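Here the structure is a predicted model, which means the values were calculated and not measured. In each ligand, atom 1 is the first atom listed, and ligand 1 is the first ligand listed.
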Amino acid sequence: MNTLDAIKTRRSTRKFKAQPVEFEKLQTVVEAGRFGPTGGNAQTNHFFVISDAAVIAKLKELVQSAFARMELRDDLYKSLQNSIRLSQKGNYSFCYTAPVLIVVANKKDYGNNMADVACAVENMMLAANELDLGSCYINQLKWLNEDPALFDYLRGLGLREDERVYASVAVGYADTESGLPNRSESPRTGNEVVFV
Ligand SMILES: Cc1cc2nc3c(=O)[nH]c(=O)nc-3n(C[C@H](O)[C@H](O)[C@H](O)COP(=O)(O)O)c2cc1C
């Protein structure tokens with residue numbers, strides 16, 4: 001697959017098979033993330049490649065309980081309202097059924113923290129596509145990156161005191177008949193361009 005094909009056929013996967021992802025593939029995906037550009041070549045992204053089901057389950061539990069405590073208000077971002085609503089019903093799985101979650105943190109006082117992490121995440125999603133893996137950008141750990149219980153738990157996994165999570169990405173084999181991710185090109189309805 002060439003780069004442009006990988007870009008245009010990358011789609012979000014939100015239903016995954018339980019099938020584990022080969023370690024070599026995970027290494028390739030995270031290496032693609034590590035090779036993303038960083039502001040001033042800072043290279044301060046910190047990657048946590050989580051394939052331990054018990055750890056993913058604990059993160060789901062902590063995310064659900066954090067959202068369940070929030071007040072559901074009409075002025076909130078729609079997706080956040082949805083997370084709160086489902087969590088209050090005890091029915092929320094922020095990273096779906098993905099067997100792997102790659103969490104990316106960066107220094108909290110660094111101006112390009114989220115930009116550097118987002119570049120890494122896009123690289124990882126493109127690499128996943130190339131390797132016939134599905135992926136999805138997951139934002140909930142960023143929204144909750146000051147939640148004390150989540151922060152403590154992530155500290156136990158190696159997150160440093162001066163770091164926060166800015167994105168994560170769900171990775172795994174898509175739960176489709178072929179096992180391949182949906183690669184149908186989605187039409188562009190926005191993202192205006194001006195050539196000058
Ligand atoms: C910054 C950002 C945050 C996102 N957060 C989530 C998320 O938390 N959960 C989710 O299911 N998808 C998330 N997405 C995926 C978008 O919903 C998806 O990329 C968009 O709907 C376009 O669909 P496509 O990826 O199939 O082209 C996020 C994407 C971006 C770029």
Side-chain angles (χ1 to χ4, degrees), residues 1 3-17 29 32-33 36-39 45 47-48 50 56 59-68 70 72 76-89 91-106 108 110-147 150 154 164-176 178-193:
M1 195 183 283
T3 309
L4 276 180
D5 287 339
I7 291 170
K8 288 195 163 181
T9 64
R10 181 219 52 80
R11 298 295 311 280
S12 296
T13 293
R14 296 188 176 86
K15 265 185 95 180
F16 296 89
K17 292 186 173 173
V29 168
T38 55
N45 286 331
F47 298 83
F48 297 83
I50 306 172
I56 294 178
L59 286 171
K60 284 182 182 175
E61 181 194 313
L62 290 168
V63 166
Q64 177 165 277
S65 70
F67 283 132
M70 289 184 187
L72 185 59
L76 295 175
Y77 178 53
K78 278 273 169 296
S79 183
L80 178 55
Q81 285 188 34
N82 190 45
S83 303
I84 297 173
R85 196 174 294 113
L86 289 172
S87 294
Q88 289 178 347
K89 287 184 189 152
N91 197 15
Y92 189 54
S93 181
F94 78 101
C95 54
Y96 311 104
T97 54
V100 181
L101 184 69
I102 304 180
V103 175
V104 195
N106 205 320
K108 73 174 162 79
Y110 163 55
N112 290 317
N113 45 28
M114 194 157 84
D116 287 1
V117 168
C119 286
V121 167
E122 175 67 351
N123 267 16
M124 292 194 284
M125 294 193 297
L126 295 177
N129 190 19
E130 162 74 28
L131 297 170
D132 291 340
L133 291 165
S135 68
C136 188
Y137 196 119
I138 300 288
N139 226 4
Q140 284 70 13
L141 295 176
K142 190 255 164 194
W143 296 343
L144 297 172
N145 71 7
E146 295 291 347
D147 179 84
L150 264 163
L154 290 164
R164 295 294 180 273
V165 172
Y166 291 99
S168 59
V169 58
V171 177
Y173 287 99
D175 189 8
T176 56
S178 63
L180 297 173
N182 167 26
R183 289 185 168 128
S184 59
E185 204 175 301
S186 121
R188 296 300 92 181
T189 52
N191 290 348
E192 262 184 279
V193 179

Is the shortest distance from a heavy atom of Ser186 to ligand 1 less than 4.0 Å? no
For ligand 1, is Tyr96 a contact, meaning one of its heavy atoms is under 4.0 Å away?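 The answer is yes, since Tyr96 has a heavy atom less than 4.0 Å from ligand 1.
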Are any non-hydrogen protein atoms located under 4.0 Å from atom 20 (C) of ligand 1? no
Distance below 4.0 Å between atom 29 (C) of ligand 1 and any protein heavy atom? yes
Measure from the side-chain N and O atoms of Ser168 to the backbone N and O of Ile138, and report whether any donor-acceptor pair falls under 3.5 Å.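 Yes: the side chain of Ser168 pairs with the backbone of Ile138.
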Quickly, which of Met1, Arg11, Lys8, Arg10 forms a side-chain contact (heavy atoms from CB on, under 4.5 Å) with Arg183? Name it, please.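 One option only clears the test, and that one is Met1.
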Measuring only between side-chain heavy atoms, which start at C-beta, is Leu101 closer than 4.5 Å to Leu141? yes
Would you say Val171 and Met124 make side-chain contact, with heavy atoms under 4.5 Å?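 Heavy-atom side-chain distance check fails, nothing below 4.5 Å.
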In terms of residue, atom name and distance, what is the protein heavy atom nearest to atom 31 (C) of ligand 1? Tyr137 CD1, 4.1 Å
Those atoms of ligand 1 less than 4.0 Å from some heavy atom in [X]:
{"X": "Cys136", "value": "10 (C), 11 (O), 12 (N)"}
{"X": "Arg11", "value": "24 (P), 26 (O), 27 (O)"}
{"X": "Ser12", "value": "15 (C), 18 (C), 19 (O), 24 (P), 25 (O), 26 (O)"}
{"X": "Asn139", "value": "3 (C), 5 (N), 7 (C), 8 (O)"}

Using the side-chain hydrogen bond (donor to acceptor under 3.5 Å, both in side chains) rule, pick out the option among Gln140, Lys60, Gln64 that qualifies with Tyr92.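 By the side-chain hydrogen bond (donor to acceptor under 3.5 Å, both in side chains) criterion, Tyr92 pairs with just one of Gln140, Lys60, Gln64: Gln140.
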Counting heavy atoms only, which of Arg10, Arg14, Glu185 comes nearest to atom 17 (O) of ligand 1? Arg14
Please test Asn106 against Tyr166 for side chain to side chain donor-acceptor pair (under 3.5 Å), starting from the C-alpha separation and ending with a verdict. CA-CA 7 Å; Asn106 205 320; Tyr166 291 99; over 6 Å; no
Heavy-atom neighbours of Met114 CE exceed 12 at 6.0 Å: no
